[in-house]
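Please read the structure below before turning to the comments.
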Amino acid sequence: MTVETAVWTDADRQAMARAFELARRGQYSTDPNPRVGCVLTNGGQVVGEGWHQRAGGPHAEAHALGVAGPAARGSTAYVTLEPCDHHGRTPPCSQALIDGGVARVVYALDDPNPLVAGQGAARLRAAGMRVDAGLMRAESEALNPGFLKRMRQGLPYVRVKVAASLDGHTALASGESRWITSRAARADGQRGRAMSSVVLTGVGTILADDPALNVRIEESDRQPLRVVLDSQLRTPSDSRVLQREGRVLILGTVDHADRRRSLERQGAEVVIVPARADRPDLVAVLRLLAERGANEIWVEAGAVLAGAFVRERLFDELVVYLAPSLLGADARPLLELPVLANLDDRIALRFAECRSVGDDLRITAVVG
């Protein structure tokens with residue numbers, strides 16, 4: 001657990017704030033790695049900056065050290081997460097900081113990855129370096145909620161996204177729903193997809209709307225894994241989700257061999273998972289995705305599946321795009337939830353954010 005070990009100066013705070021600015025540049029590209037930024041200062045001047053730009057590429061510390069060159073010797077490094085201490089696709093950042101002659105390291109949060117978990121800080125201290133931890137810890141928690149939850153709990157961070165009218169409906173009784181929300185809200189939802197490891201839906205949405213579920217914004221060239229929960233493997237082989245670039249994983253509960261082979265011929269991976277109430281067990285699904293390195297899940301599904309995530313308390317955020325329109329009493333509901341016998345049984349949420357997006361509102365609610 002990170003413990004603050006220093007009295008922070010204005011210079012410390014300013015440099016770490018800049019490191020977070022840099023880290024956010026990797027919000028669409030670092031998955032499954034965490035978003036990390038690094039700033040090196042020497043003699044009151046910034047001598048190097050960097051951020052983790054892409055999984056498999058150099059880490060933030062390596063970028064900053066490369067920019068600083070000889071000026072790194074005797075410097076202070078500000079890093080948004082504890083420097084790593086293991087060989088993965090890149091060498092350990094702790095050793096790079098030592099080799100670069102850095103005198104002091106300030107980092108925001110201990111890395112809960114078992115391959116790090118305090119070992120990076122320990123190596124730095126063993127080399128005689130001053131190490132101070134805990135500056136802007138809350139910001140570090142907010143920057144990488146999925147990575148941190150996966151490392152701590154073996155589960156990804158789940159956002160359930162819905163678009164609704166002001167009276168809480170997602171479509172007319174006929175199923176017509178394009179478009180309830182504005183173009184700006186839909187573009188914002190694209191950014192939600194882009195920052196996620198997985199975009200997840202159910203076969204009902206595939207059959208009704210035939211969505212591609214891919215990312216279509218200039219800021220990102222990475223396609224998240226698209227996951228379809230499909231108990232009986234009913235996804236049509238000509239579905240748009242199978243025609244777009246990127247990986248598709250279909251999770252069923254019954255192995256219909258002919259259907260599976262048809263889907264696999266279209267490039268999909270099919271995995272059979274445990275069932276619960278005639279559909280894929282959501283806990284098993286989330287653990288499987290976490291084991292595959294998924295940090296953040298973006299759920300775009302109908303009222304039944306979205307409601308199941310909420311009802312089973314398997315979500316971290318409910319993201320509602322609310323349009324200034326009314327669809328009437330017989331329109332389809334926001335979420336399919338059980339009838340409550342008394343008010344004490346309600347699902348209590350807390351508003352974390354409310355902001356305008358085009359003509360609509362984006363409301364983010366988290367569990368109370």
Side-chain angles (χ1 to χ4, degrees), residues 1-8 12-39 50-52 55 59-61 77-85 93-94 105-121 124 131-161 191-192 194-198 286 289-290 293-298 313-319 349-355 362-368:
M1 182 177 184
T2 300
V3 177
E4 294 190 8
T5 58
V7 176
W8 309 117
D12 289 333
R13 294 188 179 91
Q14 184 176 5
M16 186 64 85
R18 174 60 178 164
F20 275 101
E21 287 181 14
L22 295 167
R24 293 185 188 100
R25 295 183 183 181
Q27 65 177 328
Y28 302 137
S29 60
T30 65
D31 189 81
N33 294 345
R35 305 158 185 128
V36 180
C38 177
V39 170
W51 70 96
H52 185 36
H59 288 189
E61 298 92 327
Y78 296 87
V79 194
T80 58
L81 190 68
E82 179 187 0
C84 68
D85 191 54
C93 295
S94 55
V105 173
V106 179
Y107 69 86
L109 184 72
D110 289 335
D111 188 339
N113 185 341
L115 297 174
V116 185
Q119 297 175 56
L124 297 173
V131 179
D132 296 316
L135 177 58
M136 297 182 69
R137 181 171 58 240
E139 287 83 351
S140 190
E141 291 276 357
L143 180 63
N144 291 297
F147 174 80
L148 297 174
K149 184 178 178 184
R150 178 166 67 89
M151 290 299 161
R152 291 165 176 166
Q153 302 178 34
L155 292 169
Y157 191 91
V158 178
R159 296 180 177 95
V160 176
K161 173 259 183 181
R191 288 186 283 274
M195 67 187 292
S196 302
S197 312
V198 167
L286 293 179
L289 294 176
N295 292 328
E296 300 174 22
I297 311 295
W298 184 260
R313 274 51 167 199
L314 294 175
F315 73 106
D316 297 281
E317 295 181 12
L318 179 62
V319 182
L349 304 177
R350 173 178 58 82
F351 290 134
E353 183 186 51
C354 181
R355 55 170 295 217
R362 187 185 72 194
I363 299 171
T364 302
V366 297
V367 177

Considering non-hydrogen atoms only, spot the tightest contact between Gly293 and Pro32 and give its length. O-CB, 3.2 Å

Let me confirm one number: the CH2-OH distance from Trp298 to Tyr157, rounded to the nearest 0.5 Å. 11.0 Å

What's the shortest heavy-atom distance between Leu135 and Met16, and which atoms? CD2-CB, 3.6 Å

Taking Glu317 first and then Arg362, would you say they form a salt bridge - that is, a charged N and a carboxylate O separated by under 4.0 Å? no

For Glu296, the side-chain hydrogen bond (donor to acceptor under 3.5 Å, both in side chains) test, sequence neighbours excluded, returns Arg35, Arg159

If we only count heavy atoms from C-beta on, is the Pro34 to His52 side-chain gap below 4.5 Å? no

Interatomic spacing from CD1 in Ile297 to NZ in Lys149 - rounded to 0.5 Å: 9.5 Å

Which heavy-atom pair separates Met151 from Pro112 by the least distance, and what is that distance? CB-CG, 3.8 Å

Trp8 vs Val106, side chain to side chain contact (heavy atoms under 4.5 Å, CB included): CA-CA, chis, key distance, verdict: CA-CA 10 Å; Trp8 309 117; Val106 179; 3.6 Å; yes

Within 6.0 Å of CD in Glu141, more than 12 heavy atoms from elsewhere: yes

Scanning both residues in full, the closest heavy-atom pair of Tyr28 with Met195 reads CD2-N, 3.6 Å

Would you check if the side chain of Asn33 reaches a backbone N or O of Ala55 as a donor-acceptor pair within less than 3.5 Å? no

Between atom CZ of Phe147 and atom CG of Asn295, what is the distance when rounded to the nearest 0.5 Å? 7.0 Å

Exercise: identify the closest heavy-atom pair between Cys84 and His59: SG-ND1, 3.7 Å

Under 3.5 Å, is there a donor-acceptor pair linking the side chains of Ser197 and Asp31? yes

Within the 4.5 Å heavy-atom criterion, are Tyr78 and Leu22 side-chain neighbours or not? no

So does Gly37 get a backbone contact from the side chain of Arg25, meaning a donor-acceptor N/O pair under 3.5 Å? no

Return the minimal non-hydrogen interatomic distance between Val7 and Asp12, and the atom names on each side. O-OD2, 4.2 Å

Measure from the side-chain N and O atoms of Ser140 to the backbone N and O of Thr80, and report whether any donor-acceptor pair falls under 3.5 Å. yes

So how far is it from Asn144 CG to Glu139 CD, rounded to the nearest 0.5 Å? 12.5 Å

With side chains defined as the heavy atoms from C-beta onward, is the minimum distance between Pro83 and Val105 less than 4.5 Å? yes

Could you measure the distance from the SG atom of Cys93 to the CG atom of Asp111? Nearest 0.5 Å is fine. 10.0 Å

Find the distance between CZ (Arg152) and CG (Asn113) and round it off to the nearest 0.5 Å. 12.0 Å

State, yes or no, whether a side-chain contact exists between Val36 and Val79 at a heavy-atom distance under 4.5 Å. yes

Any side-chain to backbone donor/acceptor pair from Arg350 onto Ala365? Under 3.5 Å, distance only. no

Check: Ile363 main-chain N/O paired with Glu353 side-chain donor or acceptor under 3.5 Å: no

Working note: Leu81 + Tyr107, criterion side chain to side chain contact (heavy atoms under 4.5 Å, CB included); need CA distance, chi angles, decisive distance, verdict. CA-CA 6 Å; Leu81 190 68; Tyr107 69 86; over 6 Å; no

Under the side chain to side chain contact (heavy atoms under 4.5 Å, CB included) criterion, do Leu109 and Leu148 qualify, and how do the steps go? CA-CA 10 Å; Leu109 184 72; Leu148 297 174; 3.7 Å; yes

Residues Leu314, Val158; criterion side chain to side chain contact (heavy atoms under 4.5 Å, CB included); working and verdict: CA-CA 7 Å; Leu314 294 175; Val158 178; 5.9 Å; no

Do Val319 and Val160 make a side-chain contact, defined as non-hydrogen atoms from C-beta onward lying under 4.5 Å apart? no

